[in-house]
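Heavy atoms only: backbone and side chains are in, while hydrogens, waters and symmetry mates are out. Counting starts at 1 for both ligands and their atoms, following the listed order.
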Amino acid sequence: MDQKWNFVVAANRLPVRRVWEGDTARWVPSPGGLVSALRPVMSGNPDAVWVGWSGIPGAGAEPFETDGFQCHPVGISQGEIQQFYEGFSNATLWPLFHDALVPPEYHRTWWDAYRTVNQRYATTVAELSQPGATVWIHDYHLQLVPGMLRQVRPDLRIGFFLHIPFPARELYIRLPWRTEIINGLLGADLIGLQTPLGVHNFCRSVTRITGAKTTGKVIEHDRMTTQVEAFPIGIDVNRVVGLATDPTVRTRAAEIRRTLGSPTTVLLGVDRLDYTKGIEVRLRAFRELLAEGRLPVDHCVLVQIAEPSRSRVTGYTEVRQAVEQQVGDVNGNFGVMGRPVVHYLHRSHPIEELVAMYLIADVMLVTPLRDGMNLVAKEYVACRTDNSGVLVLSEFTGAAQELRTAELINPHDIEGLKTTMEAAAHRSDTDAEPAMRAMRRVVRTNTAQRWAERFLTRLGKLR
Ligand code: GDG
C-alpha cells in the first residue's frame, strides 16, 4: 500500500453495500447515521479513507472510491462472521453492555477471532495512515484496535467512539477479557461515549481494573493520557426535515392513514428487531389498555415496524417469536375482519416510508430496556414540523438525557407505561406543542454533523 491518508475512519462496516443488477455489481451508499455524520468531513476529501467490512464473506475487495473518498475493504471469512461478529461482538459484548438483558456467552474461540479481526483492522489502518494522521475508530466490534494501533504507530492521533452504553462496573468485570478490552480502548487519545453515565461507568472500570489514576475525565496510564467525554450523537436533521416536508412523502403519509382506516390515534414503534428495544413491553401495555377499555379498539391503531436483525444470534429468534405471538394475540382478540389493531411489518423500509410513518404517528413509542442513544426518537421529533405529537421515551435511552420534555417512562413499570400511553393518546395537539417545540430545538442544535465536528475538534486539541 503506497498511498497514505491523513484522516482514517475504521468501523465494522463500510459506508456502502454491494448490489447486483444482472451480472454486474456496484457499490451503493448505505444510508446510516454514521455515514451522514461523517459526510462533511469525508465527502470529496482526497485525504480521507474509510476502513471496514463490505458485508460479503471472504477476502477484502480492491479499494475503491465513493462520494469522493476512498473505501478500503477488510476481508472477513465466513468462520469469522460466526465467531467475531455474531459471536463475540453480538452474543458476548452486545448483551453484556446492555445490562445483560440476555445472558452473555463467553467462548475462548470467539475471543480469539475477535482479537484476530481487530489485529487485521489495526494493521490495515497502520499501513494506510500518514505520519501524525488522525484516526477515528467506531464501536464495540473494534475495541482492541486503539491499543494495537498505538503499539505500532505511536505518532497517530487516535479517537474512539462507543455507540452503545458502557455498562456498570459490576457487570463489566464479569467479562473474562475485561483487562484486554480496557487496555485496547486506552490506546486512544480520546474516548467518546453517548452519555455522562457511560463516562462514569467506564472510568470506574478503568480504576478498578488497571489502578490507573483518573482525574475527572482524564486517565493517566503508561506515560500516556486518555481523555474520556460524552458526545451524544445526533441525526442528519436537514435530510429528515427535507423528507418530512416533501410533498410526495406527505401524500404517502395521508394514504397510509387512510389505509389504516383513518383512526383517531396512530401509535408507532420503529426498531431493529432486538431484545434491547422493549417491543414486547409496549405490546403488552397496549393489549392491557385495549382489554381494560382505556384505549378505544375502533379508533386506535398500533403500527410496529421491526427491521430484521441478527437473526442467527442467540436471543433474536426468541424475541421475534415473542413479538409475533403477542401481535397474533392482540389481533386475534381485538381485531375485526379486515381491520387489525396492530400492523406488524417485519421488514426493512425505505427512509421515505419511515418518515411518512413518523408523520402519521400521534404517539411515538420508544421503550428500550437499554439503548446507547436511540436515533428513532430524534428522527420522530425532527419530522414533527408542526410541533404536534407525543414522544413516549424510555429513561434507559441516551436520548432521554437530552429530550427532557418527552413523556419519560420506566419500561419495567407496565402500569406506569400504560398510564403514560393512555394520556398520550388523549392529548390534544395544543397541549403537546410546548414539549415538542422544546425537543425540536435540542434535535436541531445537536445534529450528526455537529457531533462529528465536536469530537474531531476535541481530538485535534489533544497531544
Ligand atoms: C446503535 C445504538 C445509537 C430502522 N428501521 C429501518 C431503518 N431504521 C433506522 C432508523 C434509525 C436507525 O435505523 C436505528 O438507530 P437507533 O439509534 O434507533 O438504533 P441502533 O441500530 O441500535 O444503533 C443506538 C446508534 O447506534 C447511533 O449511535 O443511537 O443506541 O444501539 O436511523 O431510522 N432505516 C431504514 N429502514 C428501516 O426499516 N431505511
Problem set entry | Proximal ligand 1 atoms for Val376, defined as those under 4.0 Å from one of its heavy atoms | 10 (C), 18 (O)

Exercise. How about Arg284: does its CZ atom have over 12 heavy atoms from other parts shown lying under 6.0 Å from it?
Worked result: no

For this session: Using heavy-atom distances, let me know which of Ile233, Ile305, Asp371 sits nearest atom 24 (C) of ligand 1.
Result: Asp371

Problem set entry | Option passing salt bridge (Lys or Arg N to Asp or Glu O under 4.0 Å) with Glu229 (candidates Arg454, Lys217, Arg458) | Arg458

For this session: Just jot down the ligand 1 atoms closer than 4.0 angstrom to any heavy atom of His163, in number order.
Result: 2 (C), 3 (C), 26 (O), 27 (C), 28 (O), 30 (O)

Seminar exercise, completed: A student comparing Lys378, Glu307, His346 should find that the heavy atom closest to atom 4 (C) of ligand 1 comes from Glu307

Problem set entry | Any donor-acceptor N or O pair under 3.5 Å, side chains Glu433, Ser388 | no

Problem set entry | Glu379: numbered ligand 1 atoms lying under 4.0 Å from its heavy atoms | 10 (C), 11 (C), 32 (O), 33 (O)

Exercise. Taking atom CZ of Arg18 and atom OG of Ser54, what is their separation to the nearest 0.5 Å?
Worked result: 8.0 Å

Exercise. Mind checking what makes salt bridge (Lys or Arg N to Asp or Glu O under 4.0 Å) contact with Arg310, not counting sequence neighbours?
Worked result: Asp274

Problem set entry | For atom 37 (C) of ligand 1, the option (of Arg347, His349, His138) bearing the nearest heavy atom | His349

For this session: Answer whether the closest heavy-atom distance between the side chains of Trp136 and Leu38 falls below 4.5 Å.
Result: yes

Exercise. Does Leu375 reach ligand 1 with a nitrogen or oxygen that is under 3.5 Å from one of the ligand's nitrogen or oxygen atoms?
Worked result: yes

Exercise. Any N or O of Gln194 that comes nearer than 3.5 Å to an N or O of ligand 1?
Worked result: yes

For this session: Classify the side-chain pair Tyr275/Glu318 by whether it contains a donor and acceptor separated by less than 3.5 Å.
Result: no

Problem set entry | Met373 N/O under 3.5 Å from ligand 1 N/O | yes

Exercise. Just which atoms of ligand 1 are under 4.0 Å from any heavy atom in Ser348?
Worked result: 36 (N), 37 (C), 38 (O)

Exercise. Is there at least one pair of N or O atoms, one from Gly372 and one from ligand 1, spaced under 3.5 Å apart?
Worked result: yes

Problem set entry | Pairing residues for Arg370 by the salt bridge (Lys or Arg N to Asp or Glu O under 4.0 Å) criterion, not counting sequence neighbours | Asp99

Exercise. Tyr172 vs Phe166 aromatic rings, parallel, tilted or perpendicular, using cut-offs 30° and 60°?
Worked result: tilted

For this session: May I ask you to list the atoms of ligand 1 that are less than 4.0 angstrom from any heavy atom of Lys277?
Result: 18 (O), 19 (O), 20 (P), 22 (O)

For this session: With heavy atoms of Leu354 as the reference, note each atom of ligand 1 found under 4.0 Å away.
Result: 6 (C), 7 (C), 8 (N), 33 (O), 34 (N), 35 (C), 36 (N), 37 (C)

Problem set entry | Sub-3.5 Å N/O-N/O distance, Asp271 and ligand 1 | no

For this session: Give yes if a backbone or side-chain nitrogen or oxygen of Trp94 is under 3.5 Å from a nitrogen or oxygen of ligand 1, and no if not.
Result: no

For this session: Decide yes or no for Val376 and Tyr358: does some side-chain heavy atom of the first lie under 4.5 Å from some side-chain heavy atom of the second?
Result: yes

For this session: Any atoms of ligand 1 less than 4.0 Å from a non-hydrogen atom of Arg272? List them with their elements.
Result: 20 (P), 21 (O), 22 (O)

